[in-house]
Number of protein chains: 2
Amino acid sequence: MRPEDIPVVRNLPLFSDMDDRRFEELVEAALLQTFPPQVDLIREGDPADFLYVLVEGAVEMYASHNGRETTMAVIEPTSAFILAAVLNDVVCLMSARTFLPSRLMMIPNEHIRRCFSEDTTFAGAVAAELSKSYRQLVKQHKEIKLRFAGERLANYLLRQSQARGDPTQFTLPAGKGTIAALLGMTPENLSRAFGALSAHGVRVRGGNIHIDDAKRLADFAKPTPLIDAVEEIYERRGVKSIGP
Amino acid sequence: MRPEDIPVVRNLPLFSDMDDRRFEELVEAALLQTFPPQVDLIREGDPADFLYVLVEGAVEMYASHNGRETTMAVIEPTSAFILAAVLNDVVCLMSARTFLPSRLMMIPNEHIRRCFSEDTTFAGAVAAELSKSYRQLVKQHKEIKLRFAGERLANYLLRQSQARGDPTQFTLPAGKGTIAALLGMTPENLSRAFGALSAHGVRVRGGNIHIDDAKRLADFAKPTPLIDAVEEIYERRGVKSIGP
DNA sequence: ATTCCATCTTGATTTATATCAAATATGGGG
DNA sequence: CCCCATATTTGATATAAATCAAGATGGAAT
C-alpha cells in the first residue's frame, strides 16, 4: 500500500474524526489494490464484503435488468462507495467497474460494521455520509422525472463546469456513452442534444466542453439548487442548547 | 396529544432503542397536530424545522420544477420523513401534503439533532433509517431508468399485493393520478397501462385491484429483488469479533 | 503513415409516452 | 337522491426518445 494514499483516505469526512488507533486498525485490515480499466469490482446481487474507497482513477456504478443497462453514478477520487450495503450487511444494488486504471482501498465489511457499532464518532460520520448520498440521489431522481433529456444535459454541463475549476472549459469525466446512460438517454440522443446546445453557446470537441457564456446556457437550462446544488457533507458540530 | 399514539411512535426502529428519558424529552418538545386532506406540510426549499412522524392518515411527498410536478413517495403510518434534511439542518428537497385526514407528530429540528449528537444509540438508528431510505431510492431510480411504464405498473401492483395482506386483492393507497405520478407517467397512460394488464389477469374497479394469478402477472412484470424487495431496517446488533 | 477497432455522429424510422379534447364515471354536499 | 366538481377513461394527435442503419472520427498498435 502506498504510504502517501493513507492521509488522503484519512481526510475523508467519513474517517477524519475517527481516532488514530481505530483508523490504524482499518488500514491494517484493508487491502489496497490496483486495477486496470474495465474491471468489474462489484456485481449487483453480491454481498457487500468490502467498503471501497477510490483513491485514484475512476469507477462507474451501474445497474442491469432485463437486458438493459444504465449508469447510476460516476465516482471520482477520493470517495467511498456501497456504504449502505456494507452497513446493513446486505447485497449490493449496483454493480461497479473501473473505467480508468484505479487504486482502491477495500475495507472488510466486519471492520466497518464493528467501528460503526463501537465508535460513536464514526456512526455519526456514517449518518452524515448517508444523508449526503440520499439527498444527492433525491436530486437525481427529481431531475430524471422533471426534466427533458436536453435540459438534463445542459444542467449537467453547468454543474460540471462549476465543480471543476474553469467555468468556461472542462473535460467530461467519462466517455459520452457513459454520460448518456448517466443522464438517462442513448448515445445517439446525447449527440443530438449536444448539437442542440450549440445554439446556447456550448462547443464540443471530443470530451472537451467549452461554454461560451454560462448565463446564456443557464437561461435555457433553468438550474435550481433544489436539483443542482452539490450536497455538502454535514459537519457534526454541537447543537446550541435548547430552552431557557 | 393522544396518549395512545405515543407507544406507536416509540416502537419505530428510529426510536425503539432510545432510552426513556430522552424519548420523553422528544415527546415533550413535539407537537401533535391533526390536518385535513390537501394541506401542505412542507414546501421544498423551506428549512427543515421539524422531523415529521405520520401517525395516522397519508402523506404525499412531491417535487415541482418549471411548472411540472411529480410524486416522489406515498407515506403511510407509521413512519418518519425528511430525516436527512433535519439532520443536516438544510432545506427540504421535497414538498409534502396530506391527502387523507392525518395526525402527525412534529419534533423540532434542534431536538433531533441534539439527540443525534449526544445519543449513540439514536445516531445508529438514524444511520439505519437513512441507509434504508437510500436503498429504497436506489431501487426507485433503477426502476424508472430500466423499466417501461407498463412494467413499472405491473411490478408496483405485485409489490403492493405483497405488502398488504391479501395477494389477490387490495386497494390503491392513493388516487390514480398520484400513483401515475409516482410511477413516472401521466394519468391517461396509467389508465391505458391498466387496460393492457387485463391481458395478464389484472382486474380494476375504482381503486380496487384484483390479481387473478400473481405468477402470471410476474411472467410479464419480471420482478427482481434488486428493484422490488422491501428494504428491511437494519437491526443494530453486535458484530462478531474479528481475527483469532 | 496505415490499418483496425471502438466511439461517436447523423439520418431515417419506430416506439413510448405526453398532450389535447371529449366523454364518462365517481363521490361528497345540499 | 340529485347535482356538481373532480377524477378517470377513451380516442386522436403530437412530441420525445429509442432503435436501426450507415458513415465519420479518432486513437492505438503496427
Side-chain angles (χ1 to χ4, degrees), chain A residues 36-38 58 60 65-71 74 97 99-101 143-157 171-199 202-209 220, chain B residues 36-38 58 60 62 65-71 74 97 99-101 143-156 171-199 202-209 220:
Chain A
Q38 303 304 330
E60 177 191 2
H65 178 61
N66 257 337
R68 297 155 224 166
E69 179 179 311
T70 193
T71 301
V74 167
R97 69 165 79 96
F99 65 89
L100 289 179
E143 176 157 64
I144 209 161
K145 289 185 84 177
L146 293 169
R147 296 215 263 232
F148 294 123
E151 299 175 305
R152 295 199 294 272
L153 176 60
N155 283 289
Y156 175 79
L157 296 180
T171 300
L172 294 172
K176 289 183 184 161
T178 305
I179 303 292
L182 179 68
L183 297 176
M185 55 180 123
T186 57
E188 293 94 328
N189 237 308
L190 180 71
S191 225
R192 286 185 259 266
F194 268 125
L197 288 186
S198 72
V202 175
R203 234 144 301 279
V204 185
R205 204 166 59 258
N208 214 311
I209 311 296
F220 167 76
Chain B
Q38 303 305 330
E60 177 190 3
Y62 66 101
H65 178 64
N66 257 338
R68 298 155 222 166
E69 179 179 312
T70 192
T71 301
V74 166
R97 69 165 77 97
F99 64 88
L100 289 179
E143 175 157 65
I144 210 160
K145 288 185 85 176
L146 292 170
R147 296 214 263 233
F148 295 123
E151 301 175 303
R152 295 199 293 273
L153 176 60
N155 283 288
Y156 176 79
T171 300
L172 293 173
K176 289 183 184 160
T178 306
I179 303 293
L182 179 67
L183 297 177
M185 55 181 124
T186 58
E188 293 95 327
N189 238 306
L190 180 71
S191 226
R192 287 185 257 266
F194 267 125
L197 288 185
S198 70
V202 175
R203 235 144 299 279
V204 185
R205 204 165 60 258
N208 214 310
I209 311 295
F220 168 75

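All values below were derived from every heavy atom in this structure, side-chain atoms included, with hydrogens, water molecules and symmetry-related copies excluded. In what follows, every chain begins at residue 1, and chains take the letters A, B, ... in the order their sequences are listed.
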Asker: In whole angstrom, what separates Leu172(B)'s CG from dG27(C)'s P?
Answerer: 13 Å
Asker: Atom pairs, N/O to N/O, protein against nucleotides 8-15 of chain C, distance under 3.5 Å?
Answerer:
{"residue": "dC8(C)", "atom": "OP1", "partner": "Lys176(A)", "partner atom": "N", "Å": "2.8"}
{"residue": "dC8(C)", "atom": "OP2", "partner": "Gly177(A)", "partner atom": "N", "Å": "3.1"}
{"residue": "dT9(C)", "atom": "OP1", "partner": "Lys176(A)", "partner atom": "NZ", "Å": "2.9"}
{"residue": "dT9(C)", "atom": "OP2", "partner": "Ser191(A)", "partner atom": "OG", "Å": "2.8"}
{"residue": "dT9(C)", "atom": "O5'", "partner": "Ser191(A)", "partner atom": "OG", "Å": "2.9"}
{"residue": "dG11(C)", "atom": "N7", "partner": "Arg192(A)", "partner atom": "NH1", "Å": "2.9"}

Asker: Once rounded to the nearest 0.5 Å, what's the spacing between atom CG of Leu183(A) and atom NZ of Lys145(B)?
Answerer: 7.5 Å
Asker: Rounded off to whole Å, could you give me the CG-to-C1' distance for the Leu183(B) and dA16(C) pair?
Answerer: 16 Å
Asker: Any sub-3.5 Å donor-acceptor pair from Arg147(A)'s side-chain atoms to Arg152(A)'s backbone N or O?
Answerer: no
Asker: Given side chain to side chain contact (heavy atoms under 4.5 Å, CB included), test Leu157(A) with Phe194(A) step by step and report yes or no.
Answerer: CA-CA 10 Å; Leu157(A) 296 180; Phe194(A) 268 125; 3.8 Å; yes
Asker: Would you mind reporting whether Thr178(A) and Pro173(A) have side-chain heavy atoms less than 4.5 Å apart?
Answerer: no
Asker: State, yes or no, whether a side-chain contact exists between Leu190(A) and Leu153(A) at a heavy-atom distance under 4.5 Å.
Answerer: yes
Asker: Return the minimal non-hydrogen interatomic distance between Arg68(B) and Leu146(A), and the atom names on each side.
Answerer: NH1-O, 2.6 Å
Asker: Any donor and acceptor pair, going by atom type alone, linking the side chain of Lys176(B) with main-chain N or O of Gly206(B) inside 3.5 Å?
Answerer: yes
Asker: Does any non-hydrogen side-chain atom of Leu172(B) lie less than 4.5 Å from one of Tyr156(B)?
Answerer: yes
Asker: In whole Å, what is the span from the CD1 atom of Ile144(A) to the P atom of dT17(C)?
Answerer: 13 Å
Asker: Is the phosphate of dT17(C) approached by Thr186(B) (side-chain N or O, under 4.0 Å from OP1 or OP2)?
Answerer: no
Asker: Taking atom C1' of dT7(C) as reference, at what distance in whole Å does atom CD1 of Ile179(A) sit?
Answerer: 14 Å
Asker: With a 4.0 Å cut-off on heavy atoms, is Gly184(B) in touch with a base, just the backbone sugar-phosphate, or nothing at all?
Answerer: sugar-phosphate
Asker: Reading DNA chain D from 5' to 3', where do the contacts with chain A start and stop? Cut-off is 4.0 Å to heavy atoms.
Answerer: dA16(D) to dC20(D)
Asker: Closer to the 5' end of DNA chain D via nearest nucleotide, is it Arg205(A) or Gly150(A)?
Answerer: Gly150(A)
